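Only one structure is covered here, and it is reproduced in the block below.
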Amino acid sequence: MRVLLVLSAFLVAVYSQETFVGDQVLRITVSNEEQLALVKSLQEQEHLNIDFWLEPSRPLQPIDIQVPREHVQSVKAFLEFSGVGYSILIEDLQMLLDEEKKEMMLSRHKERNSQTFNYASYHTLEEIYAWMDTFVASNSGLVSKLQIGTTFEKRPIYVLRFSTGGINRPANWINFGIHAREWISPAISLWFANKIISEYGKDTSVTSLLNTMDLYLEIVTNPDGFHFTHTNDRMWRKTRSKYDGKRCTGVDPNRNFDANFGGPGASGNSCSPTYYGPYVNSEKEVKAIVDFVKNHGNFKVFVDVHSYSQLLMFPYGYTSTKPKDYGELMELSKKSITSLASIYGTKYRYGPIFTTIYQSSGSSIDWAYDQGIKYAFCFELRDTGRYGFILPANQIIPTAEETYLGLMEILDHARQNPY
Amino acid sequence: MYLLLCFIVCFLPLSYGMPKITDRLDLSVTAVEIPTKARIAQQAASVAVHYLNYRYGSPNRVYELHELKKAYTEVILNIVHKYHLEFEVKNQESSSNVIAICTANVIFHKKKDPDTALKCNLKDDMKDTFEKDNRFYLNLQKQKYPMVGYNIPDNFGFVDPKMMPIWLLAKVSASYIIWKKSTEVTKYNMVRIQKVNQLIRTDTFLQFIYTILLHELPTQETVTCSMWVMWHPKQSLTVKYFCLSSPSESFPKESRLERFEGSGSERFEGSGSERFEGSGSERFERSALERFERSASERFEGSASERFEGSASERFEGPGSERFEGSRSERFEESGLERFEGSGSERFEGSGSERFEESGLERFKGSGSERFEGSGLERFEESGSERFEGSGSERFEGTESERFEGSAMDGFLMN
């Protein structure tokens, strides 16, 4: 009897070993030069047909490899035998590639639990909104969803509020995806929200943060534009508002704030991607933020997350004059990007908007700073132009992980330096 | 060989009675060091790297800036801004960590394309990458039908591994366009290939016609360019191009459709690549369209080969001697320059570049996309990119088997 059981167990094991389908993508982390050389040698094994998504560069940097299905077992055996750690990034690449679009539609129905939500892929607006409800339901003790306004095309604008209580505690504001084509921004916000929840009660920084301050995340700041990038034009940037007498659609929300509105670095031509709009706060998406932040009255941090260029910036964009907190903001920026670079070595530059990227008027963080919110920052996430706005999905998690560290430095500093 | 021509070219300016620029990579005593983190230094370095990719790049040699070590600037004869740079580059397509050291002089003229002189110690990389290039080249030569592709990468950043070399070739070819179009203020990146198809040649070169999208900073515009590329693993690239700003931001969608239907086919029949003549800088767009509207096909006949022959020597002259002649001072704004001069070296600590950018941007503001409003270019611009909207990744996945026979223009007509 026992023999039968053992035999059947063995057969099951053998059978299940052979039932993988499709190529797999493995993430390898080597701990020393020797292991690095071993992994590199895999490249020379041409018959294995291994495709390196992330090239081996130095120890502790992840190496992503796509292995054809017929070699997956032997490659894994090789890695295990050599004591090289790896994880499965993509179980079945074939399925993922063929079905990526279908999957996006299906996942809307599948995702009941925000823990099984696929944070490593891009989602539509509907999926993100569905995720929000699931996320709040699973974490109702800490998170709630607020509607702060409605878009031009009548979509609701939501903010997730993380709070452990208190009344009108000093708060942190982070908004994502104000420019529609910058998909990586809302993509990492989902992971970030989940990370905060996971770390509360475990990580001292996160726990102290939420015990003393509130956190507000505006996951999709420009829902109309974001939807448009999925259905029509992947490169759309602005809102989708249309005004009489104006030839073209859309206003650049990050030129529509009351910070030297209409000044240099923004365009008065409605057809321009940096059109500042018919008047200050004309955009409902912008007005929603302005009203909310002003009414709250106790925000200490205001972060606007964009892509791409790998920059961390603070005011001003509309003038070359240094903000009065220049010294502190420079130092904090440096700390932040150093933390950010600690996982994957991603290099960021930092400084005031004006000198770091270009002059721009009417930007969100300039407005926030002039409102008295000292810690006003603008992130430009990966990359530096290789993929630009169309960052491959396999970079979502790494970008999220490093940006989390960068953001936590800022939030931590704000908590320790109340004003 | 290149070095020899370089030397010859260096001495030509003397015969024009121009400023003595004896060694193009020298560092003048009047040059001022600027912080490498300064935006303008980074911009100059990126222009140099684009030039490097154009001259020495290939599907397996795509260089990125690893680190800018030193940057100097000087103003020559009140006309040009010259940057002397020392930097390190890495081949992002190589598995090795080999870092090459480069020295470059990048010269920005007010209303002309930048000049670049460059020297890098790339030798270690060349042999290995040449073999990989050769493999790609031979593989493509073996194919029965000309290759075609759409939307690379797709909306999700995915590039089919088989299309990778095509994408990378586009990147280094686009570097030529970007190098030519860059200014101290305007920065470009290639966003994606909207369409690519191969034209079979009778000689040993591979030829592709790309429609690519560039992203322009600080205007945030997307610029559509048609790029005609000829390549062989042993030769440097030949690139011809023609760019327009994207109408998706410029014109309402409805009128775009009408005009396309009315005028699309006649204009494009038999027209092939003559659209690509000219340097692609905005100055030429108006005249290019006029020529285009008339007998499109005539221009093509007999001109393709001339252009090719011409380009062989062009390539070596590169930023040739004629660039140093002529004082375009009449167009130079005195105010920008005053602020630049006479204020010592501390001006660059976070503030020197500001003043520069300020003047740069003002100049820029006046000459942005507004320029094209109401011009005859509308019709062409609209039809240009309308065609590619909605051509999603599904189409791309099928392209391996669905090959285009006949001229490249068929592809443009079909939708």
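First the proteins, then the strands, lettered A, B, ... as listed; each starts at 1. Everything quoted here is computed from the prediction, not taken from an experiment.
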**OP:** Can you see which heavy atom on Glu221(B) is nearest to which on Ser272(A), and at what distance?
**Re:** OE2-CA, 4.3 Å

Subject >> Non-hydrogen side-chain atoms of Arg181(A) and Gln220(B) separated by less than 4.5 Å >> reply: yes

Original post:
For Lys334(A), does the NZ atom have more than 12 heavy-atom neighbours from other residues, nucleotides or ligands under 6.0 Å away?
Top reply: no

Original post:
Which atom pair, heavy atoms only, marks the closest approach of Gly157(B) to Tyr387(A)?
Top reply: O-CE2, 3.6 Å

Original post:
Given that the side chain runs from C-beta out, which part of Leu214(B) has a heavy atom under 4.5 Å from chain A: side chain, backbone, both or neither?
Top reply: neither

**OP:** Calculate, to the nearest 0.5 Å, the distance between atoms CG and CG belonging to Asp233(A) and Asn155(B) respectively.
**Re:** 9.0 Å

**OP:** Determine whether Arg234(A) and Arg192(B) make a side-chain contact, defined as any pair of heavy atoms from C-beta on separated by less than 4.5 Å.
**Re:** yes

**OP:** Could you tell me whether Glu331(A) atom CD has more than 12 heavy atoms of other residues or ligands within 6.0 Å of it?
**Re:** no

**OP:** Please examine the side chains of Leu311(A) and Arg39(B), heavy atoms only from C-beta on, and report whether any two atoms are closer than 4.5 Å.
**Re:** no

Subject >> Ser95(B) OG to Ile63(A) CD1 distance, which is reported to the nearest 0.5 Å >> reply: 10.5 Å

Original post:
Quick one: CD1 on Ile357(A) to NZ on Lys187(B), what's the gap to the nearest 0.5 Å?
Top reply: 9.5 Å

Subject >> Closest-packed option against chain A by number of heavy-atom pairs under 4.5 Å, given Met164(B), Met190(B), Glu64(B), Lys171(B) >> reply: Lys171(B)

Subject >> When Arg386(A), Arg349(A), Lys242(A), Gln395(A) are compared by non-hydrogen pairs under 4.5 Å with chain B, the top option >> reply: Arg386(A)

Subject >> Region of Thr384(A) in contact with chain B, defined by heavy-atom distances below 4.5 Å >> reply: backbone

Original post:
Just checking, any donor-acceptor pair under 3.5 angstrom between side chains of Asn189(B) and Tyr308(A)?
Top reply: yes

Subject >> Residue among Gln92(B), Gln43(B), Lys37(B) with most heavy-atom pairs under 4.5 Å to chain A >> reply: Gln92(B)

Original post:
Atom CG in Leu217(B), atom OG1 in Thr274(A): separation rounded to 0.5 Å?
Top reply: 11.0 Å

Original post:
Are side-chain heavy atoms of Lys347(A) and His66(B) found at a separation under 4.5 Å?
Top reply: yes

Subject >> Closest non-hydrogen atom pair, Thr219(B) against Pro273(A) >> reply: O-CG, 3.5 Å

